[in-house]
Amino acid sequence: MNIRELLTNAVHQAMLKAGIPEDCKANVALSKKAGFGDYQANGAMGAAKVMKTNPRELAQRIVDNLELDGIVDKVDIAGPGFINLYLNASWLASQLDNNLLDSRLGINKTENSETVVIDYSAPNLAKEMHVGHLRSTIIGDALVRLLEFQGHTVIRQNHVGDWGTQFGMLIAELEEQTQEGPDAELALKDLEVFYKQSKKHFDSDESFAAKAREYVVKLQGGDPEVLKLWERFRDISLHHSEEIYQTLNVTLSRDDVQGESAYNDDLAVLLKELQRQNMVVEDQGAQVVFLEELADKEGNPSPVIIQKQGGGFLYATSDLAAIRHRVNTLNANRIMYFIDARQSLHMQQTYTIARKAGFAGEDVSLEHHAFGTMMGADGKPFKTRAGDTVKLADLLEEAKERASATVAEKNPQLSTEEIAEIGKRVGIGAVKYADLSKTRTNDYIFSWDSMLSFEGNTAPYLQYAYARIQSIFTKAGVKGDALDGEVLLAMPQERALGLKLLQFSEVLDQVAREAYPHMLCTYLYELASLYMSYYEACPILKEGVEADTRDSRLRLCQSVACTLQTGLDLLGIEVLERM
């Protein structure tokens, strides 16, 4: 139980003893202004409205019934009924001591574990991953890591684009190229080039185009030879994605791939079910669901095509089949989709049909966590100078090169191998953190200078803070996890740092609920900033510092280091022992 939960329970019990109805909330939150306690309980005002009484008098009745001896030093009432709670420093120190004995920093696994399915990354196997795939991949993976840390059962689902009419064209091109000499691996070395070649071939050669269309029919009909070619294309394409995931330190594997092709056999079955429920109507030869719930301003219902005139199925059909699979087979309680904001209407339509058709009951949470776009300095979607889409592999390679150059400049004494390893962790961490630290729903400007800076809210700043603490342990000749003694919070900077450390689990709970990783980034940056202030004000290894004080301050350093390492790991960012 974190501090906020503990205080909330205590205040709520006091409210019940004061005769306040049980459904009135305690509304405990961090105090936003210095001098108004560490936490505030703001429930008296809401309760007073319900009870039609004076809020300040009600707040006093709550305070009179509070039982927080040894936890809270002081309680006062401000304004119309805000209850300010000032935590006891010795109690805070004891909580820090307990947390340092636990590899999980005192954060217990949830007692209400859910099965959470997370849909993220989802590249199109016809093309190489580009910068547009970055946000889905790393935001989704951060939530996967966090929810697993909390004790939930998390099932990753990489809904790759591996089916559809374009694959007839690609398979035909692959067959022709491999017949002429190069093997499939060589032909598909650059997926972007291969795609462009096959499209050019399709547009300029009618006999090839006819063959490609024929292969679509054969593919959908399960022709063994065409399926064999498709599987080769799919395997090599997935390998490209897996290399990106490994570089990005993302936890997706081949086992997590559940592409569009996986639902092929269920699409006709799903259509029949919708027809049985009279949810689809024929419109110009297509099977369409018209959703009154999503009607436009003129009252026209929102159309969703389930089957095209020619018999083909669309994204909505496979997405509905995916929901059926995730509910009925994977037994999901919560399904989280990390797909960009441009797909918001599509996701609304899919969820609405899934609810109406009974594919997902009200006990299953269907969540679309949209995100904005990575923009260039010109305020337009990030592109190469030639105006092409930026390949993710190229972006990550440049990140490593730029970071390695900075490391080499700052630390010329390091070996080539050390510079490369540090450059990799700093560069990849910088790219990921620059994205994760921005509010998910906003667009953001991509800037090498700001993301690789060792100042401000960046990954290099946090990695440096961690490495700096390790250097203190090296200088002291001790290991952080072998320290004895009690934590003492005598100085204001020590107390502020201790309180911040104990709020870690509160932040994780909020990120898990709302799927906004930037909240964790903000917390880690504030923690590192408080640590820097603490380091300046509270000497650790300076001559004249008493042994008990020194050991206490080293233990606080260890607590900060463990929290930074854990928090960054939940974001998929690696720390360094030295920089």
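The analysis underlying the following values was restricted to heavy atoms, covering all of them including side chains, and did not include hydrogens, waters or symmetry mates. The structure presented is a predicted model; accordingly, all values stated were derived computationally and were not measured.
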Got more than 12 heavy atoms from elsewhere within 6.0 Å of [atom1], [X]?
X	atom1	value
N442	CG	yes
D296	CG	yes
Y464	OH	no
D378	CG	yes
K49	NZ	no
R342	CZ	no
Y444	OH	yes

Under 3.5 Å, is there a donor-acceptor pair between the [X] and [Y] side chains?
X	Y	value
Q348	H346	no
T153	E114	no
D509	N2	yes
D64	Q60	yes
Y39	N84	no
E455	S453	no

Run the ring-centre check on [X] versus [Y] and record whether the distance is less than 6.0 Å.
X	Y	value
H159	Y263	yes
Y531	Y534	yes
Y523	F504	yes
F454	Y461	no
F338	F371	no
Y337	Y351	yes

- Item | Reference residue T350; test side chain to side chain contact (heavy atoms under 4.5 Å, CB included); the match among V304, D319, T317 |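 Exactly one candidate clears the test, D319.
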- request: Identify which one of L571, V250, L134 satisfies the side chain to side chain contact (heavy atoms under 4.5 Å, CB included) criterion when paired with K432.
  value: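 Of all the options given, the one that passes is V250.
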- Trace of the side-chain contact (heavy atoms from CB on, under 4.5 Å) decision for N249 with R425: CA-CA 10 Å; N249 190 26; R425 294 195 187 193; over 6 Å; no
**Message:** Which residue is it: D141, T137, N158? I am looking for the one with a side chain to side chain donor-acceptor pair (under 3.5 Å) to Y245.
**Reply:**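 Exactly one option meets the side chain to side chain donor-acceptor pair (under 3.5 Å) with Y245, and it is N158.
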Name of the residue among D38, D76, D73 meeting side chain to side chain donor-acceptor pair (under 3.5 Å) with Y86 |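 Testing Y86 for a side chain to side chain donor-acceptor pair (under 3.5 Å) against D38, D76, D73 leaves exactly one candidate, D76.
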- Close side-chain approach of V63 and I83, heavy atoms under 4.5 Å: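 Of all side-chain heavy-atom pairs linking I83 with V63, at least one is under 4.5 Å.
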Note to self: Can you confirm whether L30 sits close enough to R4 that some side-chain heavy atom of one is under 4.5 Å from a side-chain heavy atom of the other?
What the structure shows: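 No, their side chains stay 4.5 Å or more apart.
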Note to self: One thing to verify: whether E273 and R324 come together as a salt bridge, which I'm taking to mean a side-chain N less than 4.0 angstrom from a carboxylate O.
What the structure shows: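 Looking at R324 and E273, the cut-off is not met.
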Checking the side chain of [X] only, and the main-chain atoms of [Y] only, is there a donor and an acceptor separated by less than 3.5 Å?
X	Y	answer
H368	S344	no
Y433	C521	yes
N9	L6	no
R326	I335	no
K438	A434	yes
R56	G79	yes
R440	A370	yes
S31	F36	yes
S450	S447	yes
S94	W91	yes

Given side chain to side chain donor-acceptor pair (under 3.5 Å), test R156 with T251 step by step and report yes or no. CA-CA 9 Å; R156 300 158 177 79; T251 59; 2.9 Å; yes
Nearest 0.5 Å please: distance from the [atom1] atom of [X] over to the [atom2] atom of [Y].
X	Y	atom1	atom2	result
L294	S302	CG	OG	5.0 Å
M336	I139	CE	CD1	11.0 Å
Y466	C557	OH	SG	12.5 Å
T8	H12	OG1	NE2	10.0 Å
I71	L7	CD1	CG	7.5 Å
T373	D443	OG1	CG	4.5 Å

Query raised in the report: Checking side-chain contact (heavy atoms from CB on, under 4.5 Å) for the pair R468/Y535: CA distance, chi angles, key distance, verdict?
Result: CA-CA 11 Å; R468 187 174 185 178; Y535 181 79; 3.0 Å; yes
So E148 and R145, salt bridge (charged side-chain N to carboxylate O under 4.0 Å, His left out) or not? Walk me through it.
CA-CA 5 Å; E148 283 187 330; R145 290 167 176 265; over 6 Å; no
Quiz prompt | From CA spacing to verdict: side chain to side chain donor-acceptor pair (under 3.5 Å), N333, H152 | solution = CA-CA 11 Å; N333 307 114; H152 297 285; over 6 Å; no
What residue among E526, E506, E494 forms salt bridge (Lys or Arg N to Asp or Glu O under 4.0 Å) with K500?
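Answer to the salt bridge (Lys or Arg N to Asp or Glu O under 4.0 Å) test with K500 among E526, E506, E494: E526.
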What heavy-atom pair brings [X] and [Y] nearest, and what distance separates the two atoms?
X	Y	answer
S559	L501	OG-CD1, 3.5 Å
I20	A47	CG2-CB, 3.7 Å
A89	R495	CB-NE, 4.4 Å

Next on the checklist: For R555 and E486: C-alpha separation, side-chain torsions, deciding distance, then whether salt bridge (charged side-chain N to carboxylate O under 4.0 Å, His left out) applies.
Outcome noted: CA-CA 8 Å; R555 281 173 69 77; E486 296 180 348; over 6 Å; no
Working for side-chain contact (heavy atoms from CB on, under 4.5 Å), residues E536 and Q493: CA-CA 9 Å; E536 294 297 326; Q493 292 85 355; over 6 Å; no
- request: Given side-chain contact (heavy atoms from CB on, under 4.5 Å), test I306 with L320 step by step and report yes or no.
  value: CA-CA 10 Å; I306 303 298; L320 286 167; 4.0 Å; yes
